[in-house]
Amino acid sequence: MAAFRIPSPGFSVPRPAAFGADPGGARMARIRRSPNFRDGVFQNPGGTARTRPSGSATEFAKIYFDREARALRAPKGPIPVHATTLADLARPPATGLRLTWTGHSSVLAEIDGQRVLFDPVWGERCSPFAFAGPRRLHPVPLPLAALGPVDVVVISHDHYDHLDMPTIKALAGTDTVFAVPLGVGAHLEHWGVPAGRLRELDWHESTRVGGLTLTATPARHFCGRGLRNTQHTLWASWVVAGEEHRVYHSGDTGYFDGFREIGVAHGPFDATMIQLGAYAEFWPDIHMTPEEGLRAHLDLQGGGAHGTLLPIHWGTFNLAPHAWAEPGEWTKDAAEEAGQAVAFPRPGEPFEPAGKLPVEAWWRAVSGPIAHPWRRPRIAEGVAGTSKGDLDLAGER
């Protein structure tokens with residue numbers, strides 16, 4: 001087992017297996033040849049993004065540890081989870097495309113006869129340790145083995161809430177293929193995935209799996225799992241195109257102009273899975289608000305409302321100061337104003353983007369009061385002096 005050094009002469013401790021492995025050898029040589037790797041690190045599109053919280057640490061702590069705010073970051077009761085059954089997934093989707101969001105950024109996409117699993121995280125915590133770190137707000141809807149065979153697992157980047165070692169080790173025992181950004185294969189090989197089942201891609205590179213074409217596309221984020229964040233593993237969004245359908249998974253990203261370029265090159269999409277949770281004013285470059293997430297979806301679709309938006313990266317782990325249900329509320333408001341179709345499935349609830357969409361605001365039954373600051377400009381325009389829109393009980397709308 002590899003070891004990392006603590007700054008004390010002659011002392012070392014075992015490196016946790018969950019830290020993964022750093023790229024080396026031919027993999028590192030390929031990384032150095034990447035046009036996206038400069039000055040010893042991978043670069044974001046459009047210049048450097050702030051990857052560490054900005055502003056005052058005191059101000060952040062004041063917001064994060066405020067008693068009332070903390071209460072809103074957890075549901076008031078059990079989050080309603082759809083108990084996904086084998087019957088839900090056994091019959092082929094009538095339209096050729098079905099999505100099952102199992103929580104956070106994990107989605108099973110059944111597309112044109114193939115099954116793609118994005119960012120599978122079945123662990124109880126998104127952390128290298130079983131005893132610490134953000135814990136699930138709801139259980140996984142079904143055991144990993146109950147998903148059935150998966151043709152390809154797609155990983156967006158190597159952060160713990162997207163790349164979960166126990167989940168990968170379980171999938172390593174199957175015959176699935178893994179499509180990952182450049183450098184991330186080092187972690188998977190360290191955990192037992194054979195090199196022959198890895199498809200490791202730089203941005204704009206594609207690979208074929210069965211009847212699908214998978215393309216790694218740019219995102220605005222960062223990487224790292226261990227004590228040393230070397231920025232030697234790439235982050236990516238993904239396009240998956242079949243014979244009849246195509247979908248997009250954003251991974252983690254801040255808003256940037258590249259969504260329009262991705263849409264021109266690969267869109268429009270039948271469905272997009274867009275990160276729009278765990279945002280904060282302290283890290284605006286690397287995560288999107290629901291307003292930005294909707295804008296990204298519209299950019300990907302050529303500027304107009306088209307296809308179905310599936311919000312991801314919310315409702316499962318508490319990773320930011322905002323209320324846990326706020327992304328659902330904000331997305332619902334923004335999408336209604338834009339005339340964009342949005343699916344709000346309960347975790348584990350399969351749906352077909354071309355069929356009847358799940359649209360019930362299920363989070364309201366277990367949410368406390370949610371402030372709606374994004375509504376204030378509309379209030380100021382025509383309903384001056386009214387404060388109803390500033391603070392609603394989530395269940396009142």
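Since this is a predicted model, take the numbers as computed values, not measurements.
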Problem set entry | Aromatic plane relationship, His162 with His313 - under 30° parallel, 30 to 60° tilted, over 60° perpendicular | parallel
For this session: Output all residues satisfying side chain to side chain contact (heavy atoms under 4.5 Å, CB included) with Asp270, sequence neighbours left out; order by chain, then residue number.
Result: Leu97, His245, Arg246
For this session: Search all heavy atoms of Ala305 against all heavy atoms of Gly339 and return the closest pair with its distance.
Result: CB-O, 3.6 Å
Problem set entry | Cationic N near anionic O, under 4.0 Å, Glu292 to Arg220 | no
Exercise. When the ring centroid of His221 is compared with that of His287, is the distance short of 6.0 Å?
Worked result: yes
Problem set entry | Glu124 with Arg136: basic N within carboxylate O range, under 4.0 Å | no
For this session: Quick one: closest heavy-atom pair of Ala132 and Ser127, and the distance?
Result: O-OG, 2.8 Å
Problem set entry | For Tyr160, all residues meeting ring-ring contact (aromatic ring centres under 6.0 Å, His included), sequence neighbours excluded | none
Problem set entry | Donor on one side chain, acceptor on other, His159 and Asp252, under 3.5 Å | no
For this session: Please report the shortest heavy-atom distance between Ala236 and Pro181, naming the atom on each side.
Result: CB-CG, 4.0 Å
Exercise. Between the side chain of Asp151 and the main-chain N/O of Gln114, is any donor-acceptor distance below 3.5 Å?
Worked result: no
Exercise. Is any NZ, NE, NH1 or NH2 atom of the basic residue among Arg260 and Asp299 found under 4.0 Å from an Asp or Glu carboxylate oxygen of the other?
Worked result: yes
For this session: Using the rule that two of Ile, Leu, Val, Met, Phe, Trp, Tyr join whenever any of their side-chain heavy atoms come within less than 4.5 Å, decide whether Phe42 and Leu201 are in one cluster.
Result: no
Exercise. Out of Ile370, Val366, Thr316, Leu319, which residue meets the side-chain contact (heavy atoms from CB on, under 4.5 Å) rule with Trp324?
Worked result: Val366
For this session: Determine whether Val264 and Leu300 fall in the same hydrophobic cluster, where Ile, Leu, Val, Met, Phe, Trp and Tyr are linked whenever their side-chain heavy atoms lie under 4.5 Å apart.
Result: no
Exercise. Hey, are Arg27 and Glu189 close enough for a salt bridge, meaning a charged N less than 4.0 Å from a carboxylate O?
Worked result: yes
Exercise. So, do Trp314 and Trp363 have ring centers that fall under 6.0 Å from each other?
Worked result: yes
Problem set entry | Minimum heavy-atom distance between Ala334 and Leu294, given as atom pair plus value | O-CD2, 3.3 Å
Exercise. Does Gly183 offer a backbone N or O that forms a donor-acceptor pair with the side chain of Glu200 under 3.5 Å?
Worked result: yes
Exercise. Does any non-hydrogen side-chain atom of Leu310 lie less than 4.5 Å from one of Pro345?
Worked result: yes
Problem set entry | Members besides Leu86 in its Ile/Leu/Val/Met/Phe/Trp/Tyr cluster (side-chain heavy atoms under 4.5 Å) | none
For this session: For the pair Leu182 and Trp203, evaluate side chain to side chain contact (heavy atoms under 4.5 Å, CB included) and give the outcome as yes or no after the intermediate values.
Result: CA-CA 8 Å; Leu182 195 57; Trp203 291 342; over 6 Å; no
Exercise. What is the ring orientation for His249 with Phe118, classed by angle as parallel under 30°, tilted 30 to 60°, or perpendicular over 60°?
Worked result: parallel
For this session: Classify the side-chain pair Glu291/Tyr255 by whether it contains a donor and acceptor separated by less than 3.5 Å.
Result: no
For this session: Please check if Phe19 and Trp235 belong to a single hydrophobic cluster, counting links between Ile, Leu, Val, Met, Phe, Trp and Tyr side chain heavy atoms closer than 4.5 Å.
Result: no
Taking distance alone, no hydrogens or angles, what donor-acceptor pairs closer than 3.5 Å link side-chain atoms of residues 208-216 to residues at least two apart or in another chain?
unit_1 : atom_1 : unit_2 : atom_2 : d
Arg208 : NH1    : Thr213 : OG1    : 2.8
Thr215 : OG1    : Ser206 : OG     : 2.6

Exercise. With ring centroids as reference points, do Tyr279 and Trp330 lie under 6.0 angstrom apart?
Worked result: yes
Exercise. Is the gap between the ring centers of His232 and Phe37 under 6.0 Å?
Worked result: yes
Problem set entry | ring-ring contact (aromatic ring centres under 6.0 Å, His included) partners of Phe269, counting only residues at least two apart | Tyr248
Exercise. Just by modelled atom types, is the His306 backbone N or O under 3.5 Å from a matching donor or acceptor in the Gln340 side chain?
Worked result: yes
For this session: Could you tell me whether a side-chain N or O of His266 sits under 3.5 Å from a main-chain N or O of Val240, the two making a donor and an acceptor?
Result: no
Problem set entry | Residues clustered with Leu171, ILVMFWY side-chain links under 4.5 angstrom | Leu89, Leu108, Leu117, Trp122, Val140, Leu142, Leu144, Leu147, Val150, Val153, Ile155, Leu163, Met165, Ile168, Phe178, Val180, Val184, Leu188, Trp191, Val193, Leu198
